[in-house]
Amino acid sequence: MANPPDKSSGKFRSAQWFGLPGKDGFIHRSSIKNQGWPADLFDGRPVIGIANSWSDLNPCNAHLRDVAESVKRGVWELGGFPLEFPTMSLGEPIMRPTTMLFRNLMAMDVEESIRANPLDGIVLLSGCDKTTPAQLMGAASVDLPTIMLTGGPMLNGKFKGGDIGSGTDVWRFSEEVRAGRMTAGEFLDAEAGMSRSAGHCSTMGTASTMASMAEALGMCLPGSAAVPAPDANRARFAHLTGRRIVQMVREDLRMSRILTRQAFENAIRVNACIGGSTNAVVHLLALAGRMGVALELKDFDRLGQELPLLANVQPSGKYLMEEFYYAGGLPALMREMGALLHLGAVTVTGKPVRDNIADARCYNREVIYPFDRPLKPQAGIAVLRGNLCPDGAVIKPSAATPKLMKHRGRAVAFESIEDFKARIDDPALDIDETCVMVLKGAGPRGYPGFPEVGNLPLPPRVLAKGITDMVRISDARMSGTAYGTVVLHVSPEAAAGGTLALVKTGDMIELDVEARRLHLDVPDAELNQRRAAWKPAPSGYARGYAKLYIDHVNQAHRGADLDFLVGKSGDVVTRDSH
Ligand code: FES
């Protein structure tokens, strides 16, 4: 349900609070006037909610209160009334057991905060990985005019005179330490040089990917996703975002007009060409579910499989987001993609994609490759099927080792990430580089929360040979900054009784990415026996949000939203508060 602006009276939704006569209007206006607002601000002008995921506990979003001030300038300038409010914030490097457990909770917070308050338009301020999809999902279920501004990547990390990228180089350095090729002191120096400014991860990890997805979906001003957090252009985009949301309210340009099937198809294709995170799969599926767009896992393969990698950005490439921005950013890359995109899709500018990217230019062909001379010929996320993943699994070929993408190997199975950590460094573990590491119990329900542990560290004896990749399979996710021949999001997960739960060390597993096949080479009769003997482990959560999550989370191939949050309820609140 949506309340259109009352064109005849010129009243917006907020007038149902601030425009009321009598006791209720008095209460709504009087209380908020304690902040010094003059009476004429309650004259029916658009009230703009700035949903801010700022938090000292989320370093990637810690600068967003400054960004909000710039947004407010733009709102005031066009005659709106900006009111900033906090949302939950999810700091990827800090929260336990995993931020993904809380993405849906944050989305609930955003949704209910918007609906319950006298707001006509929304500016979403996000940054770190889950904050972007959570805000989009929550806002989508209300469906007011909404625009997003992400916080931007941090400046390039520096170590020993060279650039280092968030996450990606952490994985590399930690393996170097385990292999004895890097000292603990050097590791500490790298730690001090990696995060040099405000902003989210500097690689094309999940935060940069989701910022790019938001822009590709049409939810951000074009060109804003890649602007580094400390760059004055981010404040400029914030100011313009503030201006634009006031216009969007007057135009009644709601999320449902922007987040169409075409928008999602554009995002999936852009994700392929930027070498974006596998996490985009679950987030886009969940967001589409909120909007009632029938997106499926197979769409990612169908739309992305033939697309090349154009962005030479870590982890699939060499450079960082700072260079991507200087090279022209997402508009330049989208212009390369041309007619592969739905150029008529409407965006927050009120204009189609075609107009937004018409003047985009690439200024560095080392960073953004031309479509007819790409960095890698195939970059889309591959969706695998087989008896090990009847509802699908994903792999990112651009971050994998080509010779491992067709592989048959002996499984070494781990029942949990704790089991893995306890045994992987044991010299007695019977494992070599031809084996397939299998991790169970790290799916949405099983962990709970679907953590980023799928890029399992390699055993020391393999690392000592200078080998840096092995086939790894799990029901987990992996950081968008990570790389390797890593099969993720196996569905159904082990905790839901998927075939993954039945894998035993010594079983043979076949991976064939080109054929999109993942097969556990165990006879059906044997699998049926194992299935009959399998029992789910107790979750260990008897109360609270984790219990709610475990009882209601959808599997990975459906975006891991809570089943009762799929869809939207609109912006109508039928009952008064007093
Ligand atoms: Fe926040 Fe990477 S840790 S974006």
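Indexing begins at 1, ligand by ligand and atom by atom, following the structure's order.
Between Glu493 and Arg477 there is no salt bridge, since none of the side-chain N atoms of the basic residue sits less than 4.0 Å from a carboxylate O of the acidic one. In summary, Glu175 and Arg178 engage in a salt bridge, as defined by a charged side-chain N under 4.0 Å from a carboxylate O.
Counting non-hydrogen atoms of neighbouring residues, nucleotides and ligands closer than 6.0 angstrom, the CZ atom of Arg558 reaches no more than 12 such neighbours. By the neighbour-count criterion of 12 heavy atoms within 6.0 Å, atom CZ of Arg96 is sparsely surrounded, having that number or fewer from other residues, nucleotides or ligands.
The two residues Ser174 and Phe187 make their nearest non-hydrogen contact at N-CE1, 3.7 Å.
Counting only protein N, O or S atoms, the number found under 2.8 Å from atom 1 (Fe) of ligand 1 is 2.
For Lys440, the salt bridge (Lys or Arg N to Asp or Glu O under 4.0 Å) partners at least two apart in sequence or on another chain are Glu415.
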